[in-house]
Amino acid sequence: RTSDLGGLWQKIETGLGKGPLEAILPPNNNNLYVSVAGAGLYSVPFDGAAWTKSHAVNFIGSESAAWNDRQLALWHFPLGDPAAEKTYLVGMDPSGVFKTVDGGVSFQQVGDGLPAGRVMGLARSPHDAQLIIAGTPQGIYASMDGGESFSPYGDLAGGGELCFSFAFDAESAATVYALCATGLPHGLSTGDVESSFGNRVFYVTRDGGALWEPAGSGIQNGKRPVAVLADPDFGDTLYVPTLEGGVLRSVDGGESFEPWSLGLPAPYTGGRGILHSAPLAFTPNGETLVVGTEGFGMYTRVLGANCE
């Protein structure tokens, strides 16, 4: 996009429960969900009206969530199925990927072929709903059958880099973006990924995962990116929230990033800033970005169309 209608981030609180934000979940079933510590899950519908208390996906919730004595690695990152309202994939620590088809009442382990241990990120291709990529401490793996089985996804698999956030380009099915961390302590726990001072590397593949190359000029320099989000309508446009540099934007497919934080609270003001987990998402209509902060609530930015 070459313009945005709002021009800056604006704070919103209408209808939200009181309490620290835990995560902003990706849209599912025409709703965007937000987890509020001590208050539960809230949703906003497609038209962007006020937030309301939701029980539609009530298995998403507590900070200490566990199932069958296994800590949930991706409790804040459930991956919805666009064709099935109550079907989600979640990552568990240290047990891989599990699937629910009843909104979290029961789970079944899937993900044959993944290396043993944590799954730190999941993403579904907008071009092929059966294509799902997973991030592990041994790199990136891909599934072509909706998460039932996985195989190495190019030269970032098996390399020892912990990959935790992914985005598919809106226009090019072969272009995928990834954030990985290197130099992390052995035995790193799930909750330490976002707060670790390990080196964060931004990668892009433009050939369907065969070759991953470092990119992202302006995203490094100690800013500590925590996620990557692709614009759902405009190819080559990306948004990256960081712990120490606010939100960054790229309009050239991740080759370079620039600050895009006008109106947001200063990073780490009073020790608080952008959320560590699941901090950024589009509303279901793709016209508004929502970002969560630690201690400062939620902010939105209304985007415009391509004016060129």
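For Thr136, the side chain to side chain donor-acceptor pair (under 3.5 Å) criterion is met by no residue, not counting sequence neighbours. The side-chain contact (heavy atoms from CB on, under 4.5 Å) search around Ser256 returns Ser217, Asp252, not counting sequence neighbours. For Arg206, the salt bridge (charged side-chain N to carboxylate O under 4.0 Å, His left out) partners are Glu255, not counting sequence neighbours. For the side chain to side chain donor-acceptor pair (under 3.5 Å) test, no residue two or more places apart in sequence or in another chain qualifies with Asp128. A search for side-chain contact (heavy atoms from CB on, under 4.5 Å) contacts involving Ser165 returns Leu179, Ala227, Val228, not counting sequence neighbours. Taking Ser151 as the reference, nothing meets the side chain to side chain donor-acceptor pair (under 3.5 Å) condition, with sequence neighbours excluded. With sequence neighbours excluded, no residue forms a side chain to side chain donor-acceptor pair (under 3.5 Å) with Thr288. Scored by the side-chain contact (heavy atoms from CB on, under 4.5 Å) test, Ala142 finds Leu131, Ile133, Tyr153 as partners (sequence neighbours excluded). Listed by chain and number, the residues in a side-chain contact (heavy atoms from CB on, under 4.5 Å) with Pro214 are Val201, Tyr203 (sequence neighbours excluded). Shown here are the salt bridge (charged side-chain N to carboxylate O under 4.0 Å, His left out) partners of Glu148, two or more places apart in sequence or in another chain: Lys99.
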Kindly determine whether Trp260 and Leu248 satisfy side chain to side chain contact (heavy atoms under 4.5 Å, CB included), including the steps that lead there.
CA-CA 5 Å; Trp260 205 65; Leu248 307 177; 5.9 Å; no
Side chain to side chain contact (heavy atoms under 4.5 Å, CB included) between Ile140 and Phe166: does it pass, once the steps are laid out?
CA-CA 10 Å; Ile140 303 176; Phe166 315 97; 3.6 Å; yes
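In this structure, CD on Glu171 lies 8.0 Å from OG1 on Thr237, to the nearest 0.5 angstrom. With rounding to the nearest 0.5 angstrom, the CG atom of Asp112 is 9.0 Å from the CG atom of Asp145.
Considering all non-hydrogen atoms of both residues, Ala215 and Gly254 come closest at CB-O, 3.6 Å. Of all non-hydrogen atoms in Pro126 and Phe168, the two that sit nearest each other are CD-CB, 3.4 Å. Contact between Asp233 and Asp231 at its shortest, heavy atoms only, is N-OD1, 2.9 Å. Nearest approach of Pro241 to Leu280, heavy atoms of both residues: CD-CD2, 3.8 Å. The two residues Trp212 and Ala178 come nearest to each other via the heavy atoms CZ3-CB, 3.7 Å. Counting all heavy atoms, side chain and backbone alike, Gly139 lies closest to Tyr141 at O-CD1, 4.0 Å.
Put simply, the side chain of Gln109 never gets that close to the backbone of Phe98: no donor and acceptor are under 3.5 Å apart. Within the 3.5 Å criterion, the main-chain N or O of Ala129 finds a donor-acceptor partner in the side chain of Arg124. Remark: the backbone N or O of Leu211 is paired with a side-chain donor or acceptor of Thr205 at under 3.5 angstrom. With Asp169 contributing its side chain and Asp236 its backbone, the two residues share a donor-acceptor pair below 3.5 Å. Thr242 places no side-chain N or O within donor-acceptor distance of the main-chain N or O of Arg224, the cut-off being under 3.5 Å.
In this structure, Tyr177 and Val240 have side chains that are not in contact, with every pair of non-hydrogen atoms separated by 4.5 Å or more.
Between Phe257 and Phe202, the angle of the ring planes goes over 60°, which puts this pair in the perpendicular group of the 30/60° scheme.
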